[in-house]
Amino acid sequence: MATHEDISEQKFERLNQNLAQVEALSQRLVQALSVRKPANPTLNGPSQDLFARAATTYWADFLENPSRIYEQQLEYWGKSVRHFIEAQQAMVQSQADPEEQGDDRLKGDRRFSNPLWETNPYFHYIKQQYATNAATIRQAVAEIEDLDQTDKQRLDYFSRQIIDMMSPTNFLGTNPDALEKAVETEGASLVKGLENLVADLEANNGELVVRLADESAFELGENVATSPGEVVYRNKMMELIQYAPTTEQVHSTPLVIFPPWINKFYILDLKEQNSLIKWITDQGYTLFVVSWVNPDASFADVGLEEYIEDGFLAAIREVKAICNVKQVNAVGYCIAGTTLHLTLALMAKRGDKSVKSATFFTALTDFAEQGEFVPFLQNDFIDGIEEEVNEQGILRSFIMSRTMSFLRSNDLIYSPAIKSYMMGETPPAFDLLYWNGDGANLPGKMTMQYLRGLCQRNEFIDGGFELFGETLHISDVKIPLMAVTCETDHIAAWKDCYRGFQQTGAKDRSFIVSESGHIAGIVNPPSKKKYGHYTNADLSLNADDWQEGAEFHKGSWWPRWETWLRKRSGKKISAREPGDSSHQPLAPAPGAYVRRKAMG
């Protein structure tokens with residue numbers, strides 16, 4: 001029978017074996033970091049000027065009103081000392097008394113769900129001290145005066161980033177889950193975590209991009225993006241996929257979807273149960289979807305002109321030819337919805353009536369209110385983007401991904417990093433997260449046109465956006481329109497989408513607000529019966545009044561949209577197979593362009 005000493009010796013031996021792997025992994029870590037090509041320094045954080053002005057304002061307040069600052073600091077230190085004394089007393093009692101916890105500002109926070117945060121005096125003290133630190137930072141920022149609204153919003157954003165970053169759960173010594181796992185596994189979890197870290201760095205040229213999903217669990221065309229179809233046209237900007245019919249008859253007017261080129265189109269075809277692509281074909285439509293190219297540095301001079309000419313207009317032209325029709329219906333999602341608006345304004349200027357109706361999914365056109373993107377749309381940050389694209393030719397995918405992730409840093413950065421690097425867990429086999437990590441680069445010229453002309457100067461609303469020798473304004477768009485937005489969308493806030501949609505020139509307009517966010521609110525199949533939606537026919541109201549008078553409907557908005565689309569899609573005809581004599585299939589769906597990775 002093994003003695004206690006034998007067991008302890010075996011544990012130490014296993015621990016030493018595990019830690020011996022660290023040296024080899026460290027060498028790989030150094031090698032991975034040595035090939036890193038960092039983004040422009042401006043992109044790695046807020047401008048020094050903003051913090052300098054905030055600090056100056058803070059100390060100016062101190063000179064003008066020292067009692068308030070002293071009061072704030074004394075409150076902070078008083079709480080800190082009180083927490084320490086409470087922790088000391090609890091250590092004497094061998095436990096923290098849950099009945100004596102007082103105000104718990106982190107109640108319900110999933111990061112602190114481990115019972116040790118309440119029962120262990122050390123962790124309880126750390127948790128309460130973090131809550132005090134966070135509250136003090138928030139209070140200090142809230143009380144700063146003499147900063148304009150934009151700078152105040154930026155300071156609030158960056159202070160929240162500091163609060164999230166300094167959470168004790170982000171550090172091994174103050175994360176009970178990670179410490180317990182390390183003890184249970186004799187250090188194997190830490191070694192596995194380091195392996196995960198090194199693998200992520202190696203896969204992204206030295207950039208730390210936290211892997212959100214187990215990429216080995218998915219294969220395009222096998223268990224994601226499986227709807228049958230064919231690539232029937234290809235140029236330098238996109239592949240045009242025509243999906244196979246699933247009904248004997250289809251509406252005569254075909255439908256073409258333009259997804260965003262920031263991510264891949266198969267968010268609309270993750271799996272059969274929630275595939276909008278499959279659902280549309282099941283309703284009896286001839287469906288085409290654009291799959292955008294994943295650009296490299298050779299696309300540096302590609303602008304919105306190429307996306308419109310070789311993307312939107314080319315796809316509409318080829319769909320008309322394949323289906324032998326004069327008009328199509330179109331859908332634009334996110335940035336592709338913004339650009340579809342531009343395209344329709346250009347077509348109106350040219351007298352081109354090829355689009356019968358258009359639908360927009362979470363599409364911004366009026367950027368007067370920048371919402372959560374205020375920190376990223378000021379000159380210092382945009383100047384950094386400009387330097388980046390001038391050097392690289394593209395805005396590399398990881399920069400956009402990282403920017404979006406920091407809007408939800410706890411969910412999309414710190415929590416996955418903790419599980420992968422501190423707990424040594426394999427990322428989950430989750431198709432949505434797999435898609436989220438399969439990003440795309442953006443051409444340099446297009447990036448700056450979008451950021452400067454549309455986002456910063458709001459030219460499509462104010463004065464007109466210059467393209468192809470035309471001055472385009474949203475009021476030029478007069479065809480029947482529907483907009484679908486999402487109630488908790490943090491990328492394209494529904495009220496901002498609504499404000500732009502109100503300024504179109506169309507008389508036939510419908511507006512929907514779906515429950516949930518930018519993705520879940522759109523990928524919301526009727527079979528799930530999960531999220532409802534709101535409608536209100538009076539688009540003359542401001543957003544708050546529209547919402548107040550809106551009618552709530554249970555279930556997905558998909559059937560409501562299909563009813564609207566059906567009235568604009570013509571009579572039924574025999575189903576069309578992909579392609580024609582002039583458009584022989586080039587490759588089965590999902591095509592070749594979607595397989596190109598952004599990093600490499």
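Atoms considered below: every heavy atom in the structure, side chains included; atoms not considered: hydrogens, waters and symmetry mates.
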Can you check whether [X] reaches [Y] side chain to side chain, under 4.5 Å on heavy atoms?
{"X": "Tyr285", "Y": "Ser569", "value": "yes"}
{"X": "Leu539", "Y": "Trp546", "value": "yes"}
{"X": "Tyr534", "Y": "Ser514", "value": "no"}
{"X": "Val209", "Y": "Asp200", "value": "no"}
{"X": "Ile394", "Y": "Asp296", "value": "no"}
{"X": "Asp310", "Y": "Lys236", "value": "yes"}
{"X": "Val374", "Y": "Arg154", "value": "yes"}
{"X": "Met448", "Y": "Val389", "value": "yes"}

Any chance the side chains of [X] and [Y] put a donor and an acceptor closer than 3.5 Å?
{"X": "Lys326", "Y": "Ser354", "value": "no"}
{"X": "Gln456", "Y": "Asn379", "value": "yes"}
{"X": "Asp214", "Y": "Ser216", "value": "yes"}
{"X": "Glu230", "Y": "Tyr243", "value": "no"}
{"X": "His533", "Y": "Glu515", "value": "no"}
{"X": "Ser397", "Y": "Asn441", "value": "no"}
{"X": "His473", "Y": "Ser475", "value": "yes"}
{"X": "Ser357", "Y": "Asn329", "value": "yes"}

Does any N or O in the side chain of [X] come within less than 3.5 Å of the main-chain N or O of [Y], such that one atom is a donor and the other an acceptor?
{"X": "Asn223", "Y": "Glu219", "result": "yes"}
{"X": "Thr504", "Y": "Phe501", "result": "yes"}
{"X": "Gln161", "Y": "Phe406", "result": "yes"}
{"X": "Asp269", "Y": "Ser227", "result": "yes"}
{"X": "Asn263", "Y": "Gly439", "result": "no"}
{"X": "Thr226", "Y": "Gly221", "result": "no"}
{"X": "Asp489", "Y": "Ala492", "result": "yes"}
{"X": "Glu239", "Y": "Tyr593", "result": "yes"}

How far does [atom1] of [X] sit from [atom2] of [Y], to the nearest 0.5 angstrom?
{"X": "Leu340", "Y": "Ile335", "atom1": "CG", "atom2": "CD1", "value": "12.5 Å"}
{"X": "Asn235", "Y": "Glu318", "atom1": "CG", "atom2": "CD", "value": "8.5 Å"}
{"X": "Ile399", "Y": "Ile385", "atom1": "CD1", "atom2": "CD1", "value": "5.5 Å"}
{"X": "Leu268", "Y": "Ile280", "atom1": "CG", "atom2": "CD1", "value": "7.5 Å"}
{"X": "Thr485", "Y": "Phe511", "atom1": "OG1", "atom2": "CZ", "value": "3.5 Å"}
{"X": "Ser582", "Y": "Ile322", "atom1": "OG", "atom2": "CD1", "value": "9.0 Å"}

Counting the benzene-type ring for Trp, do [X] and [Y] have ring centres under 6.0 Å apart?
{"X": "Phe465", "Y": "Phe460", "result": "no"}
{"X": "Phe361", "Y": "Trp557", "result": "yes"}
{"X": "Phe312", "Y": "Phe258", "result": "yes"}

(message) Under the criterion ring pair (Phe, Tyr, Trp, His ring centres under 6.0 Å), I'd like the reasoning laid out for Phe376 against Tyr157: C-alpha separation, chi angles, the key distance, then a yes or no.
(response) CA-CA 10 Å; Phe376 307 109; Tyr157 167 81; 5.3 Å; yes
Give every donor-acceptor pair under 3.5 Å between a side-chain atom in residues 301-309 and any protein atom, sequence neighbours left out.
| unit_1 | atom_1 | unit_2 | atom_2 | d |
| --- | --- | --- | --- | --- |
| Glu305 | OE1 | Gln449 | NE2 | 3.2 |
| Glu305 | OE2 | Gln449 | NE2 | 3.2 |
| Glu306 | OE1 | Gly303 | N | 2.7 |

Nearest heavy atoms of [X] and [Y], plus distance in Å:
{"X": "Pro254", "Y": "Val319", "value": "CG-CG1, 3.6 Å"}
{"X": "Val477", "Y": "His341", "value": "CG2-O, 3.6 Å"}
{"X": "Thr339", "Y": "Trp261", "value": "OG1-CH2, 3.2 Å"}
{"X": "Ser420", "Y": "Asn196", "value": "O-ND2, 2.9 Å"}
{"X": "Ile257", "Y": "Pro259", "value": "O-CD, 3.4 Å"}
{"X": "Ala315", "Y": "Val290", "value": "CB-CG2, 3.9 Å"}

(message) Give me each pair satisfying salt bridge (Lys or Arg N to Asp or Glu O under 4.0 Å) with a member in residues 350-369, each pair once, sequence neighbours excluded.
(response)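 The answer is Asp366-Arg499.
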(message) Test: salt bridge (Lys or Arg N to Asp or Glu O under 4.0 Å). Region: residues 452-476. Which pairs qualify, not counting sequence neighbours?
(response)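 Residue pairs passing salt bridge (Lys or Arg N to Asp or Glu O under 4.0 Å), neighbours aside: Asp383-Arg452, Glu386-Arg452, Arg457-Glu459.
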(request) Would you sort out whether Asp508 and Arg568 count as a salt bridge (charged side-chain N to carboxylate O under 4.0 Å, His left out), showing the intermediate values? (result) CA-CA 12 Å; Asp508 181 355; Arg568 295 156 180 83; 2.9 Å; yes
(request) Applying side chain to side chain donor-acceptor pair (under 3.5 Å), run through Asn410 and Ser415 and close with a yes or a no. (result) CA-CA 6 Å; Asn410 284 327; Ser415 179; over 6 Å; no
